[in-house]
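Keep in mind the model is a prediction, meaning the values are calculated, not measured.
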Amino acid sequence: MIRDASDFAELPSLRFVISALRDPSSMALIASIVDRLIIREISSPGETSISDVRLDVSSPILGIMLDVSHSGEASYILRRASMRKPKERKYEPLVVDVGANDGVLSSNSFNLIQTGWSAILVEPNPELLNVAKKMTQPLVDVYRDGNQRICYVQAAMSGGTAASKMKLKIGTDIVSMESSLVRGAPSQGDKKREAHLARLRGGGGGGSTRQRPRTIEVDVLPAQDVATRCNGIPRRFGVLSVDAEGVGDLVLHDFLDNGYRPEFIIYEPMHNSEPWEVTLQYLEGLKYKWLQKRGWNHILEYLE
């Protein structure tokens, strides 16, 4: 017989659950989930409304969001930004996401948009960009005060100084949704990587298909042209996220060499020609501090 609440701790079923949760692998999973929870203020103290009922609240109302970025990059940056004193925030809350994909899965911009940041989403695959529009447009300027904007740019970037057109190879795997610019004949390394991925995916099932990749012609724009299409990019803005297969280093240089100084950089160096150590030295010369590597991405912060 249970006499008080403390007796529950002695029940075999509850002890089994607690024991399972305290297993190191379970604790790691719990820690990973908690790390992805973003607590944000959705109402300041004062009069507010919930379901059209006016309320006077003495404390802010908090909400919880799930971080959808690949390795928790979004929540990491939001926490870091919240630690900064207001006078230290000399940047516009804008995220420029190069290689935005579908705007949700593994997105470095989706949660920032949720919290009120403006965004420029650059994605060459028109199908994925259309998905991004459907998923993010309902989140923009929900209070109709004109403080949040979003610009969609259906184009690739390769670090060039003038606009051009190139072929874009669109993969058939709906899970990874990879696409890359066609820059001459594929290298031996590219062929080995394609063969390795095909073996892993088994040629079917799990989101794979047996179709051949297709190519389309897309605009390839320099940073200044992206800015023109989106009515300008401020010199100081919040986040530059670069995931551009094989040309990410060139895109990064394009923005920074043209005077843009994002407060945070999320950069994936895989398959780029410039070694990461060289890129890091370049960034440190521009007063960027390396903070952390999360998944494949390096995160850096601008120190003025």
The side-chain contact (heavy atoms from CB on, under 4.5 Å) partners of R229 (sequence neighbours excluded) come to V153, D219, L221

Answer yes if the side chains of Q114 and N111 hold a donor-acceptor pair under 3.5 Å, and no otherwise.
-> yes

Indicate yes or no for a side-chain donor-acceptor contact from [X] to the backbone of [Y] under 3.5 Å, with no hydrogens or angles considered.
X: N258; Y: D254; value: yes
X: E92; Y: L94; value: no
X: N231; Y: A227; value: no
X: D102; Y: V131; value: no
X: Q154; Y: P124; value: yes
X: N101; Y: V104; value: no
X: D97; Y: L121; value: no
X: Q148; Y: I113; value: yes
X: S107; Y: S69; value: no
X: R149; Y: W117; value: no

Atom pair [atom1]/[atom2] of [X] and [Y] - distance to nearest 0.5 Å:
X: E268; Y: K293; atom1: CD; atom2: NZ; result: 9.5 Å
X: F237; Y: R261; atom1: CZ; atom2: CZ; result: 10.0 Å
X: H70; Y: D67; atom1: NE2; atom2: CG; result: 11.5 Å
X: S82; Y: I77; atom1: OG; atom2: CD1; result: 12.0 Å
X: T215; Y: L168; atom1: OG1; atom2: CG; result: 8.5 Å
X: W296; Y: D243; atom1: CH2; atom2: CG; result: 12.0 Å

Salt-bridge criterion met for E73 and R80 (N-O under 4.0 Å) | no

Between R236 and E263, is there a side-chain N and carboxylate O pair less than 4.0 Å apart?
-> yes

Side chains of [X] and [Y]: closer than 4.5 Å at any heavy-atom pair?
X: L256; Y: L283; result: yes
X: V95; Y: N108; result: no
X: Y152; Y: Q137; result: yes
X: V278; Y: P275; result: yes

Please report the shortest heavy-atom distance between [X] and [Y], naming the atom on each side.
X: A155; Y: V122; result: O-CG1, 3.4 Å
X: R235; Y: Y302; result: NH2-OH, 4.3 Å
X: G103; Y: T136; result: O-CG2, 4.2 Å

Can you check side-chain hydrogen bond (donor to acceptor under 3.5 Å, both in side chains) on D257 and Y282, steps first, answer last?
-> CA-CA 11 Å; D257 290 349; Y282 163 75; 2.5 Å; yes

Using the test side-chain hydrogen bond (donor to acceptor under 3.5 Å, both in side chains), find all partners of Y260 that sit at least two apart in sequence or belong to another chain.
-> Q224

Evaluate the criterion side-chain hydrogen bond (donor to acceptor under 3.5 Å, both in side chains) for residue pair S273 and D249; output intermediate values, then yes/no.
-> CA-CA 7 Å; S273 58; D249 51 337; 3.1 Å; yes

Determine the interplanar angle of the W290 and H298 rings, folded into 0 to 90°, and report it as parallel if under 30°, tilted if 30 to 60°, perpendicular if over 60°.
-> tilted

